[in-house]
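Naming: A, B, ... by sequence-line order, numbering from 1 per chain.
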Amino acid sequence: MRNSRLLSIESWKRWIWSFARLVLIVGLSFLILYPILQKISTSIKDKEDLYSPIVVWVPIHFTWDNFKQAIAIMDYWETLANTFALSISTTILTAITCALAGYGFARLKFKGSNLLFAGVILTILVPPSTILIPVYLNLKDFTLMGLIPLLTGKSANLLNTYWPFILTSLTANSLKAGLYIFIFRQFFRGIPKEVEEAAYIDGAGIGTTFSRIMLPNALPAMITVLLFSFVWQWNDSFFTTTYLASGKVMSVQLAALPYNLSGITDGVSSQSDPFYLSMVQDTGILLAILPLILMYFCVQRYFVEGIERTGIVG
Amino acid sequence: MKSICKPRLSKRDYAQKKALWGFIYVLPWLIGFLIFFFVPLLSSLRFSFSSITANSDGITVKYIGLQNYVEALTINTSFNRVLTESIVNIVVNIPLIVIFSLFLAVLLNQKFIGRSVARAIFFLPVILASGVIMNLESTSLVQAINDASSGAKVVRSLQSFELEKLMLQAGVSEWIVNYLTGSVDRIYQIVSQSGVQILIFLAGIQTISPQLYEASKMEAATGYEAFWKITFPMVSPLILVNVIYTIVDSVSTNEITDLILDTGFSAFNFGLSSAMATIYFLAVTLILLVSTYLISRKVFYYD
C-alpha cells in the first residue's frame, strides 16, 4: 500500500518534469525557428498581403515574385557558385593545415613548441579588428618579404581577389583557425600513445602514422572543424567585406542588399515602398541561408554525434 | 659499452626525427602566423603611436607618442561610451550564456522522445547567428510590422512587467530583478549565442562515467543532488573554457569593432583606429585574466 503510494508520487514527479521539459524545449525551439518561419511566410506573400490585417502567416495571394526579384538583384546563381567555391576551398585547406599543426603541437614536441603554441592561443585572443588595418595595408601592397617585387618588379594588390583567403587558409591562419588547431590538438592528445608506438614498431614513419592511424581516428574532430569552418566562412562579413568588397559572394551581396534594393525603385516609382523593399530583403536573407540549412540537415547526424567525441574536454 | 649506447642513440634519433617533423608540420602555421598575425600586430602597435598620412608613394608613418591614445580616450566623442557599453554587454551576457547553456546541455542529455530533433534545432543558431544575417535581421521592417500587428511586443513587455512586479513585491533586490527581466527580454540573443557552448558542455557531460551516477543513485541521491555533486564539479573545467569562448566570440564583432573599422576605413585615421584597437585588446585581456583567475580558483580537476 505504502509502496504503491510512493510509486505514484515518483511517477507524478516524473510526469511533471517531462511536461516542464517538453514546454521548455518546444518553447525555445519555437523561439529559434520563429525568424526562419517568418521569413518563409514573408517571402511567399504578395505585396497586397503585407498590409492586409487578416494575413499573419499564410498568405492569400501566393507569389514567387519576391524570389525572382531577390535572385535578380543578388545575381543569385553566380553568387552562390562563388560562395561555394570560396567556402569549400578555404575549408579544405584550413582543415588540412590545422590538422597538421594540431598534430605537431600535440605529439611532435620540439624545442620552443610550447612557446609557439602560446602564439596559437594569442591568435585566438586578439580581436580580429586589432590587426585588420596592417593586414589590409599589407595585402594592398603584398610583397611576400620582398619576393614578389623581385620577380615582377612591383608589389601585388591582393584585395578583391580570393588570394587573401587562400593564403591565410593555406597557412592555417584563416578565420578562427586558432580554435581549430586547439580542437585538433586536444583531440590528438586524447588518442593513446601506444597506438602510435605500435605503428612505429610496425615500420610506419611519422607521415604514415599521421595519415593512416591518427587522422581516421580524429574523424569527429575533422567533421566539427569542416562544418564550423565552412559555415563561418559562408557567413563571415567581417573579413569578406573588407578583403573582397566588390566580389560576388553571399555575405557581400547581403551587406549590399539594402543599397542595391534602392536601385530598383528608380525605374518604377510604384515600387519605392520601404516595406516592399524590406520584404525582398528578407527573401534575400532566406535565399542566402537556405543552402546552409539544407546542408546542416544533411550532416547534422554526424555532427551532433561526432561532437560528443570531439575531445574538447581536457 | 657499445651495446648500451646503441639503443639509446636510436631512441634519440626517433625523438629527433619527431622533433624535426613536428617543426615541419607546424611550419605552414608559423609562416602564416608571422605574415598575417605577428608582423601586423607589431605594426598595429606602431601605428597607434604614429600619425599616418597617405600620399602617392604609399603611406608615411610619423611617431607622435601617446597622442592617439589621448585622442581616443578624451577627444573622440563616441569611443568611451561605445567601449563601456560593449564591455558591460559582454560581462553581463557571460554568466547568462554559460548558465543557460549548461542547463540546456543537461536537458538535451536526458532521454526523451524527439531528442535528436531538439538537438538539431538547438545547434541551428551556430549556423545562422553570425555576421550579416544578425545585422540585417535587427533592421527588418517586415518583422517589425508583424510584431506590432500580432501584438507580440505588447504581450512580451507585459509579461516582463508582471514578473517584475511580482518579484519586487517578494522582496528581491531591484538590481537582480532588472537583470533577470532584462535577460528574459534578450532571450533570443542569448539562445543564439550559446550554440557552441551547449555543444562543449554536452561533450563534457557525456564523458562523465555512468558509474558515478549509479553509485549515487544507490545511496539515494536525488537528481538535484546528483547534479550539484557530480555533474557540476565534473564539467567545471569546461565552464572556464566556455567563459573564454564566450568572451572571444563576443569580441569579434560588436559596436566597438564597427567603430574601429569606421575610424580606419571611412575616416582614414589609421593611427587613431589602431590606438582604439589596442585599448580594446587590453580591455578584453583584462576581462579574460580576471575571469580566468576567479573561475580557476573554484574549478575541480579530476586528475
Side-chain angles (χ1 to χ4, degrees), chain A residues 21 25 28-29 31-33 35 38 42 53 56 97 100-101 103-105 108-110 113 116 119 123-131 133-135 138 141 168 170-173 206 231-232 235-238 251 254-255 274-275 278-279 281-282 285 289 292 296 300 304 307-308 310 312-313, chain B residues 18-19 21-23 25-26 28-33 36-37 40-41 43-44 58 107 112 118-121 124-125 127-128 130-133 136-137 140-143 146 149-150 187-188 191 199-200 202-204 206-207 238 248 251-253 257 260-261 264 270 273-274 277 280-281 284 288:
Chain A
R21 187 173 57 196
I25 286 179
L28 287 170
S29 302
L31 195 72
I32 295 169
L33 293 177
Q38 200 170 46
T42 307
V56 179
T97 49
L100 284 176
Y103 186 58
F105 282 124
L108 309 171
K109 289 275 160 68
F110 52 92
S113 86
L116 290 185
T123 60
I124 302 179
L125 296 187
V126 173
S129 51
T130 305
I131 57 161
I133 287 159
V135 171
N138 183 5
D141 298 298
T168 48
L170 200 62
T171 55
N173 266 276
I206 286 157
V231 162
W232 281 334
N235 283 338
D236 166 61
S237 60
F238 187 77
S251 56
L254 266 188
F275 294 120
S278 170
M279 197 158 141
Q281 180 176 323
D282 271 9
I285 297 177
I289 58 179
L292 282 184
Y296 175 68
Q300 61 90 11
V304 170
I307 198 90
E308 294 167 3
T310 320
I312 305 170
V313 198
Chain B
K18 263 172 98 166
W21 277 102
F23 187 70
Y25 276 26
V26 173
W29 170 81
L30 184 63
I31 295 171
F33 174 76
F36 295 109
F37 184 81
L41 189 66
S43 42
S44 173
L107 213 63
F112 56 88
R119 281 186 184 179
I121 292 173
L124 209 55
I127 294 189
L128 301 182
S130 58
V132 249
I133 298 164
L136 287 182
E137 213 138 80
S140 171
L141 267 172
V142 174
Q143 207 138 318
N146 275 346
S149 64
S150 64
I187 187 78
Y188 181 72
V191 174
L199 284 182
I200 294 174
L202 199 59
Q206 275 163 357
T207 58
L238 294 179
V248 170
V251 299
S252 56
T253 43
T257 57
I260 292 170
L261 284 185
F270 287 142
S273 174
S274 299
Y280 181 47
F281 169 58
V284 171
L288 273 171

Asks: Please report the shortest heavy-atom distance between A:Pro134 and B:Pro40, naming the atom on each side.
Replies: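 Looking at all heavy atoms of both residues, the closest pair is CG-O, 3.3 Å.
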Asks: Side chain, backbone, both or neither: which part of B:Tyr280 has a heavy atom under 4.5 Å from chain A?
Replies: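 The side chain, not the backbone.
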Asks: If I take atom CG from residue A:Leu100 and atom CH2 from residue B:Trp21, how far apart are they, to the nearest 0.5 angstrom?
Replies: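 Those atoms lie 10.0 Å apart.
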Asks: What pair of heavy atoms forms the shortest contact from A:Leu108 to B:Lys18, and how long is it?
Replies: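 That closest heavy-atom pairing would be CB-O, 3.4 Å.
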Asks: Would you mind telling me which of A:Val126, A:Val135, A:Leu125, A:Asn138 has the largest number of heavy-atom pairs within less than 4.5 Å of chain B?
Replies: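 The residue among A:Val126, A:Val135, A:Leu125, A:Asn138 with the greatest pair count is A:Val126.
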Asks: Need one label for A:Ser113: side chain, backbone, both or neither, based on atoms under 4.5 Å from any heavy atom in chain B.
Replies: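 Neither part.
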Asks: Counting only non-hydrogen atoms closer than 4.5 Å, does A:Ile32 touch chain B with its backbone (N, CA, C, O), its side chain (CB onward), both, or neither?
Replies: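 Answer is both: backbone and side chain atoms of A:Ile32 are under 4.5 Å from chain B.
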Asks: Can you classify the ring geometry of A:Tyr103 versus B:Tyr25 as parallel (below 30°), tilted (30 to 60°) or perpendicular (above 60°)?
Replies: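 Tilted: the ring planes of A:Tyr103 and B:Tyr25 meet at 30° to 60°.
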Asks: Which region of B:Ile121, side chain (C-beta onward) or backbone (N, CA, C, O), has a non-hydrogen atom less than 4.5 Å from a non-hydrogen atom of chain A, or is it both or neither?
Replies: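 The answer is both parts of B:Ile121.
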Asks: About how many Å separate CD1 of B:Ile31 and OG1 of A:Thr97, when rounded to the nearest 0.5 Å?
Replies: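 The OG1 atom of A:Thr97 sits 11.5 Å away from the CD1 atom of B:Ile31.
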Asks: If every non-hydrogen atom of B:Pro28 is compared with every non-hydrogen atom of A:Leu170, which pair is closest and at what distance?
Replies: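 Answer, listing the atom of B:Pro28 first, then A:Leu170: CB-O, 4.0 Å.
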Asks: Can you tell me how far apart CG (B:Leu41) and OG1 (A:Thr123) are? Round to the nearest 0.5 Å.
Replies: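 OG1 of A:Thr123 is found 11.0 Å from CG of B:Leu41.
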Asks: If I take atom CZ from residue B:Phe112 and atom CD1 from residue A:Ile25, how far apart are they, to the nearest 0.5 angstrom?
Replies: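 Between B:Phe112 CZ and A:Ile25 CD1, I get 3.5 Å after rounding to 0.5 Å.
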Asks: Is a side-chain N or O of A:Tyr296 found less than 3.5 angstrom from the main chain of B:Ala120, in a donor-acceptor match?
Replies: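 Here the side-chain-to-backbone pair exists.
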Asks: Distance check, rounded to the nearest 0.5 Å: A:Thr130 atom OG1 versus B:Ile260 atom CD1?
Replies: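 Atom-to-atom, A:Thr130:OG1 and B:Ile260:CD1 are 6.0 Å apart.
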Asks: What are the two closest heavy atoms between A:Ser129 and B:Thr257, and how far apart are they?
Replies: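 Nearest heavy atoms, A:Ser129 then B:Thr257: OG-CG2, 3.4 Å.
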Asks: Which distance, rounded to the nearest 0.5 Å, do you find between the CZ of B:Phe37 and the CG of A:Asn173?
Replies: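 One gets 8.5 Å once the value is rounded to the nearest 0.5 Å.
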Asks: Evaluate A:Leu116 against B:Trp29 for side chain to side chain contact (heavy atoms under 4.5 Å, CB included), listing each step before the verdict.
Replies: CA-CA 10 Å; A:Leu116 290 185; B:Trp29 170 81; 4.0 Å; yes
